[in-house]
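All values reported here derive from a predicted model rather than from experimental measurement. Just so it is clear: chains get the letters A, B, ... in the order the sequence lines come, proteins before strands, and each one is counted from 1.
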Amino acid sequence: MFGPLGPTLAPYINSSRSLQKWVKPIATWYANSMGYRKYGFKYDDLLIEERDDVQRALARLTPAEQYDRGFRIKRASQASVMHAPLPKESWTPESEDTRYLATHVQSVEAEDNERKMWDTMHVTRK
Amino acid sequence: MLATRTSSSAVRIARRSFASVSESAAGFKVAAVDNNQPTSAVTLLFKAGSRYETKPGVASALKNFAFKSTAKRSALGTVREAELYGGQLSATLTREHLALTAEFLRGDEEFFVDVLTSFATSGKFTRHEFEEYVEPTVKGDAEAAQSNPAIQAVDLAHALAFRNGLGSSLFAPSSSHITHEDVKAYAATAFAKGNVAVLGSGISQETLTKLVEKSFGSSSTTGSAPQTKNSSYFGGETRLDGHGGLQTVFIGFGVAGAPSGDLAVLNAHLSTTPSIKWSKGLSPIAASIPAGASVQTVYLPYSDASLFGFLVQAETAEGVTQAGQAAIKALKEATSGKGIAEEALKSAVAKAKFTAANAVEGREGLFTTLGGKVLQGQDANASSVTAAFDGVNASSFAKAASELVKTKPTFVAIGNTSALPYSDELGL
């Protein structure tokens with residue numbers, strides 16, 4: 001039912017300034033307490049990648065983005081083996097926790113939906 | 001019945017040509033011819049062939065980028081919608097022009113003109129489309145050309161004959177590092193306003209002009225058109241090891257300047273293509289070609305230069321040598337002081353005239369032959385094609401032919417380079 005990105009209320013919350021003012025601190029606190037930033041990850045690194053659409057989106061990253069992603073995953077695996085988070089200077093700051101993959105996933109999803117639409121359409125002649 | 005038929009065919013003949021090129025209010029050159037056929041075709045012709053390219057292979061990449069996603073519809077949407085209408089979309093690249101063509105049933109022109117123009121005005125040129133769809137086809141084009149020694153020989157011959165400009169290959173080199181940004185930048189210049197001619201067949205001039213203005217009018221493609229310097233002819237020799245395929249030799253001569261009818265006549269005189277199937281034809285070369293070898297004449301006129309030559313192919317290098325010697329001997333005879341017999345010249349002129357006139361009968365030939373003239377703002381009348389041969393006589397022919405063979409030959413050998421002949425061994 002939902003794509004690889006899951007359901008989100010973010011567009012609705014962002015559209016209202018007062019709502020955003022109330023929810024933003026809670027969201028920031030929640031993202032920090034999830035702990036992935038302590039392992040040097042960005043949020044999009046946690047996206048389930050064992051899907052065709054996400055694989056296609058991953059192929060659309062620039063070579064630099066692909067390299068950085070691989071580096072973050074390796075570094076976090078090593079930290080996991082050591083049973084300790086990374087030193088504090090290696091944590092992902094909030095400013096760098098960008099959705100670098102989400103736009104690609106969305107465009108792949110839109111393409112898949114469009115293909116489904118063309119595959120199942122009924123043509124009526126004028 | 002007979003009377004009506006003749007009168008209607010007379011009307012059709014009168015209308016068959018791009019007699020008038022209208023410059024639309026927005027500054028587009030629009031030319032259309034309507035023969036009342038059930039299908040229509042519209043071509044956007046850009047002066048953006050490989051001779052204008054800024055980086056090797058970028059023209060080929062732009063050709064393969066055609067009909068990918070635009071601001072109006074995605075690549076998939078373009079294909080599916082065109083299929084629903086039953087039309088065909090194609091892109092063709094020559095050394096001088098890039099042509100985007102849509103062929104469709106009469107009445108669907110609004111959609112197809114919009115498909116063509118929306119690519120020219122709002123193509124997205126995304127990186128992922130370039131990597132997923134365009135790069136593989138660019139490579140495929142280049143590999144297909146590489147595996148055909150005839151195509152490879154003519155391509156190399158252009159590089160030797162004209163070096164830059166006309167010499168740049170139609171195919172991307174294997175070492176090219178083109179990015180989607182390069183293609184986008186090239187497209188911005190190629191799709192500039194003064195650089196396009198809109199050609200229609202099976203569609204009236206007014207309808208086409210109206211549609212083009214509607215969809216092009218609001219566009220902001222105001223970049224400057226790509227530039228190239230005038231061609232000059234150099235010539236040279238190269239030998240390339242071939243893998244499989246026939247042993248191939250190309251021997252050519254070129255001249256700079258607008259193409260004249262004389263070289264087309266020389267081509268018709270020497271051409272080994274018989275007028276009747278299974279016969280040998282009247283060509284002076286045909287009789288002395290050994291079995292298993294073939295000699296094709298190649299005459300390629302461009303806007304400011306032309307290349308004439310022989311493509312000699314055989315299973316063995318000896319066959320190539322013998323056939324090549326026969327071809328050069330015939331060329332020397334035709335271009336020597338006394339020229340060719342009057343009767344032979346007359347039949348060659350007739351053959352050349354027919355070939356040229358026959359080419360503009362078809363839709364493709366009409367667009368390729370007259371499209372360039374429309375783009376240059378010249379008289380694009382079908383009768384102008386045959387008019388070029390009216391001035392051909394024995395003296396002009398002898399002069400053009402002897403000037404042609406005075407130039408340094410372009411010689412390309414592909415195949416077993418240790419056995420294939422050198423140009424002096426063929427009698428040059």
Side-chain angles (χ1 to χ4, degrees), chain A residues 1-6 8 11 42-73 96 98-126, chain B residues 38-40 61 65 67-89 104-115 118-119 122-139 176-185:
Chain A
M1 179 182 167
F2 295 110
L5 295 175
T8 176
K42 295 183 180 184
Y43 181 73
D44 274 352
D45 296 337
L46 310 183
L47 218 61
I48 293 168
E49 64 169 279
E50 288 83 5
R51 305 172 50 117
D52 286 344
D53 43 6
V54 181
Q55 284 299 317
R56 254 171 71 207
L58 283 174
R60 292 183 185 186
L61 296 174
T62 61
E65 281 171 338
Q66 280 177 359
Y67 177 86
D68 288 350
R69 178 185 157 89
F71 173 76
R72 286 192 302 271
I73 291 172
E96 279 179 28
T98 49
R99 304 296 303 267
Y100 67 96
L101 189 57
T103 48
H104 293 299
V105 174
Q106 277 158 0
S107 69
V108 169
E109 222 183 330
E111 279 167 33
D112 286 347
N113 287 338
E114 197 194 347
R115 185 174 287 272
K116 221 176 280 169
M117 186 272 283
W118 286 113
D119 281 348
T120 54
M121 77 181 310
H122 293 280
V123 184
T124 47
R125 300 262 171 219
K126 268 184 264 179
Chain B
T39 63
S40 313
F65 230 123
F67 310 119
K68 296 289 177 287
S69 62
T70 66
K72 277 196 180 162
R73 47 180 85 76
S74 69
L76 180 74
T78 308
V79 173
R80 290 291 172 96
E81 221 168 328
E83 278 175 356
L84 290 177
Y85 280 105
Q88 284 186 351
L89 303 170
F104 47 88
L105 288 169
R106 210 170 252 274
D108 296 336
E109 54 266 5
E110 199 169 333
F111 168 73
F112 283 98
V113 170
D114 187 55
V115 166
S118 71
F119 176 67
S122 68
K124 276 186 181 162
F125 300 102
T126 57
R127 191 168 55 87
H128 71 267
E129 274 179 329
F130 180 69
E131 282 165 7
E132 288 170 22
Y133 307 120
V134 179
E135 247 179 351
T137 50
V138 169
K139 287 215 172 91
S176 76
H177 301 287
I178 308 163
T179 63
H180 68 291
E181 290 292 339
D182 295 332
V183 184
K184 200 175 182 176

Nearest non-hydrogen partners of [X] and [Y], listed with the distance:
| X | Y | value |
| --- | --- | --- |
| A:Leu47 | A:Val105 | CD2-CG2, 3.9 Å |
| A:Ala102 | A:Leu5 | O-CD1, 4.1 Å |
| A:Leu101 | A:Asp44 | N-OD2, 2.8 Å |

ring-ring contact (aromatic ring centres under 6.0 Å, His included) against B:Phe104, all qualifying residues, sequence neighbours excluded:
B:Phe112
Parallel, tilted or perpendicular: ring planes of B:Phe119 versus B:Phe125, cut at 30 and 60 degrees
tilted
Does OH belonging to A:Tyr43 count more than 12 external heavy atoms closer than 6.0 Å?
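Open: at most 12 neighbouring heavy atoms sit under 6.0 Å from OH of A:Tyr43.
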Could you pull out every donor-acceptor pair under 3.5 Å between chain A and chain B?
from     : atom 1 : to       : atom 2 : distance (Å)
A:Arg60  : O      : B:Arg127 : NH2    : 2.4
A:Arg60  : NE     : B:Glu132 : OE2    : 3.0
A:Arg60  : NH1    : B:His128 : NE2    : 3.2
A:Arg60  : NH2    : B:Glu132 : OE1    : 3.4
A:Glu114 : OE1    : B:Ser74  : OG     : 2.7
A:Glu114 : OE2    : B:Ser74  : OG     : 2.8
A:Asp119 : OD1    : B:Arg80  : NH1    : 2.7
A:Asp119 : OD1    : B:Arg80  : NH2    : 3.3

Contact origin within A:Met117 toward chain B - heavy atom pairs under 4.5 Å:
neither
